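Data first, discussion second: the structure below is written as structure tokens.
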Amino acid sequence: MKSILITGASAGIGRATAEHFLAQGWRVGLLARNVPALKEIAAGQAGAEVLPCDVTDAAAVEAAVQGFAVKAGRLDVLFNNAGSFGTAAPIDALALTEWHAAVDVNLNGMFYAARAAFAVMRAQTPQGGRIINNGSVSAHTPRENAVSYTVTKHAITGLTKALSLDGRSLNIACGQIDIGNARTALLEELAAKTPDTPPPMMEVRHVAEAVYSMATLPLEANVQFMTLMATKMPYIGRG
């Protein structure tokens, strides 16, 4: 049975992806802080493993990743998904505590998970695995008043490139999915604030299906970057 560990698995994209992989018969590690939500996803699912964890706690992340790999037999895929949009504000109105909170989750948390997974994938037999980082269209083009989210998501692109390079000789592939406006509770909440001009959205299941397509490639093939966005969103370009 193939195994995947998903951070931020309790809601939104993480939850939709976890449910999709469980439906396909995978062993799924559900890592997040919201234990009741994780237990709800895992109910009746023999392949689900609840992993209560705060991604900003490096030691806890390492223990969760290693523990799941032991129980599953190996770690085939990490979907490095946990993230937070943070407070919408121009840079001079953004409290430093808000900046540090965004960096802790969106950058440090993803680094901790990738670091722990990379170590497991390097050591396991047969060697290798796949890391899929959740970027954002904000890794291409910023949203207004979203400096902390934009900066951290640009940083994830650098993480993806570095892991791809460092993992080549170890059979560890790394790719990134940049998502624009999947229909989650968070986006629905934002859309409710502008009911006359709601943002274009796509169903979150399309993201789960895209992650599955990346995860099921043989390790000799890799989707380095995928941009998946609602069709009616404005055009974005990379650099």
Side-chain angles (χ1 to χ4, degrees), residues 1-9 13-14 17-18 20-21 24 26-29 31 51 55 58-59 61-83 103 105-140 151-179 207-228 236-239:
M1 182 185 295
K2 289 278 191 176
S3 65
I4 182 171
L5 189 150
I6 300 173
T7 67
I13 290 167
T17 303
H20 185 75
F21 274 80
Q24 303 304 315
W26 281 53
R27 183 78 175 262
V28 180
L31 190 151
L51 304 170
V55 295
V61 170
E62 184 174 356
V65 172
Q66 291 182 352
F68 175 71
V70 169
K71 288 184 179 180
R74 65 180 285 111
L75 178 61
D76 292 300
V77 181
L78 166 69
F79 181 35
N80 208 3
N81 166 73
V103 171
V105 175
N106 295 350
L107 181 52
N108 292 339
M110 292 188 76
F111 175 86
Y112 299 152
R115 181 176 184 270
F118 196 97
V120 166
M121 292 172 180
R122 179 206 286 266
Q124 64 192 4
T125 304
Q127 189 178 61
R130 187 182 305 275
I131 296 170
I132 302 172
N133 291 327
N134 187 349
S136 170
V137 294
S138 291
H140 303 247
V151 171
T152 52
K153 287 304 183 180
H154 273 70
I156 295 309
T157 297
L159 177 64
T160 298
K161 291 178 179 179
L163 293 176
S164 294
L165 178 60
D166 294 346
R168 283 179 186 173
S169 62
L170 304 171
N171 211 30
I172 299 173
C174 183
Q176 180 170 316
I177 183 165
D178 293 327
I179 302 159
V207 178
E209 291 164 356
V211 174
Y212 185 78
S213 73
M214 295 171 74
T216 52
L217 286 171
L219 285 176
E220 66 183 18
N222 185 45
V223 176
Q224 183 72 80
F225 291 99
M226 176 191 290
T227 302
L228 181 63
I236 60 170
R238 183 176 287 277

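Just so we're clear, the structure is a prediction, and the values are computed from it rather than from any experiment. Atoms considered below: every heavy atom in the structure, side chains included; atoms not considered: hydrogens, waters and symmetry mates.
- A side chain to side chain contact (heavy atoms under 4.5 Å, CB included) with N108 is found for one member of V103, V55, V61 and no other, namely V103.
- A 4.5 Å side-chain heavy-atom check between I179 and V137 finds every atom pair outside the cut-off.
- Across A69 and V120, no two heavy atoms sit closer than the pair CB-CG1, 3.7 Å.
- In this structure a side-chain-to-backbone donor-acceptor pair under 3.5 Å is missing from N171 to G128.
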* Give the C-alpha distance, both sets of side-chain angles, the deciding distance and a yes or no for side chain to side chain contact (heavy atoms under 4.5 Å, CB included) between V223 and M226. => CA-CA 7 Å; V223 176; M226 176 191 290; 3.9 Å; yes
* Run the side chain to side chain contact (heavy atoms under 4.5 Å, CB included) check on K71 and R27 step by step: do they pass? -> CA-CA 10 Å; K71 288 184 179 180; R27 183 78 175 262; 3.9 Å; yes
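- The OG1 atom of T17 lies 8.0 Å from the CG atom of N134; values are rounded to the nearest 0.5 Å.
- Atoms NE2 and OH, on H20 and Y212 in that order, are 6.0 Å from each other to the nearest 0.5 Å.
- Within a 6.0 Å radius of CZ in F111, other residues, nucleotides and ligands contribute 12 heavy atoms or fewer.
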* Asked: Where do L5 and L51 land on the side chain to side chain contact (heavy atoms under 4.5 Å, CB included) test, with the steps shown first?
  -> CA-CA 9 Å; L5 189 150; L51 304 170; 3.7 Å; yes
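- A pairwise comparison of heavy atoms in L107 and A155 identifies CD1-CB, 3.8 Å as the closest pair.
- Between I132 and L78 there is no side-chain heavy-atom pair separated by less than 4.5 Å.
- Summarising the geometry of L228 relative to V207, their closest heavy-atom pair is CD2-CA, 3.7 Å, with the distance given to 0.1 Å.
- S169 and Q127 get closest at one heavy-atom pair: O-OE1, 4.2 Å.
- Rounding to the nearest 0.5 angstrom, the gap separating the CG atom in L159 from the CZ atom in R115 is 12.5 Å.
- Between I13 and F79, the closest side-chain pair of non-hydrogen atoms falls below 4.5 Å.
- Note that CZ of R168 is 12.0 Å distant from CG of L170, once rounded to the nearest 0.5 Å.
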* To do: Show the numbers, then the answer: is there a side chain to side chain contact (heavy atoms under 4.5 Å, CB included) between D166 and F118?
  => CA-CA 10 Å; D166 294 346; F118 196 97; 4.3 Å; yes
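- Of the inter-residue distances, the one linking I177 atom CD1 with F225 atom CZ reads 12.5 Å to the nearest 0.5 angstrom.
- Around the CZ atom of R74, the shell of radius 6.0 Å holds more than 12 heavy atoms that belong to other residues, nucleotides or ligands.
- The minimum heavy-atom distance between M1 and D76, with the atom names listed, is O-OD2, 4.4 Å.
- Of all the heavy atoms in S164 and C174, the pair that sits closest is OG-O, 2.9 Å.
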* Give the C-alpha distance, both sets of side-chain angles, the deciding distance and a yes or no for side chain to side chain donor-acceptor pair (under 3.5 Å) between N133 and T160. => CA-CA 7 Å; N133 291 327; T160 298; 2.9 Å; yes
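- The closest donor-acceptor contact from the side chain of N81 to the backbone of T7 lies under 3.5 Å.
- The main-chain N or O of M110 is found under 3.5 Å from a side-chain atom of N80 such that the two form a donor-acceptor pair.
- A distance of 6.5 Å separates CG in L75 from CZ in F68, rounded to the nearest 0.5 Å.
- In terms of modelled atom types and a separation under 3.5 Å, the side chain of R130 and the main chain of L217 share a donor-acceptor contact.
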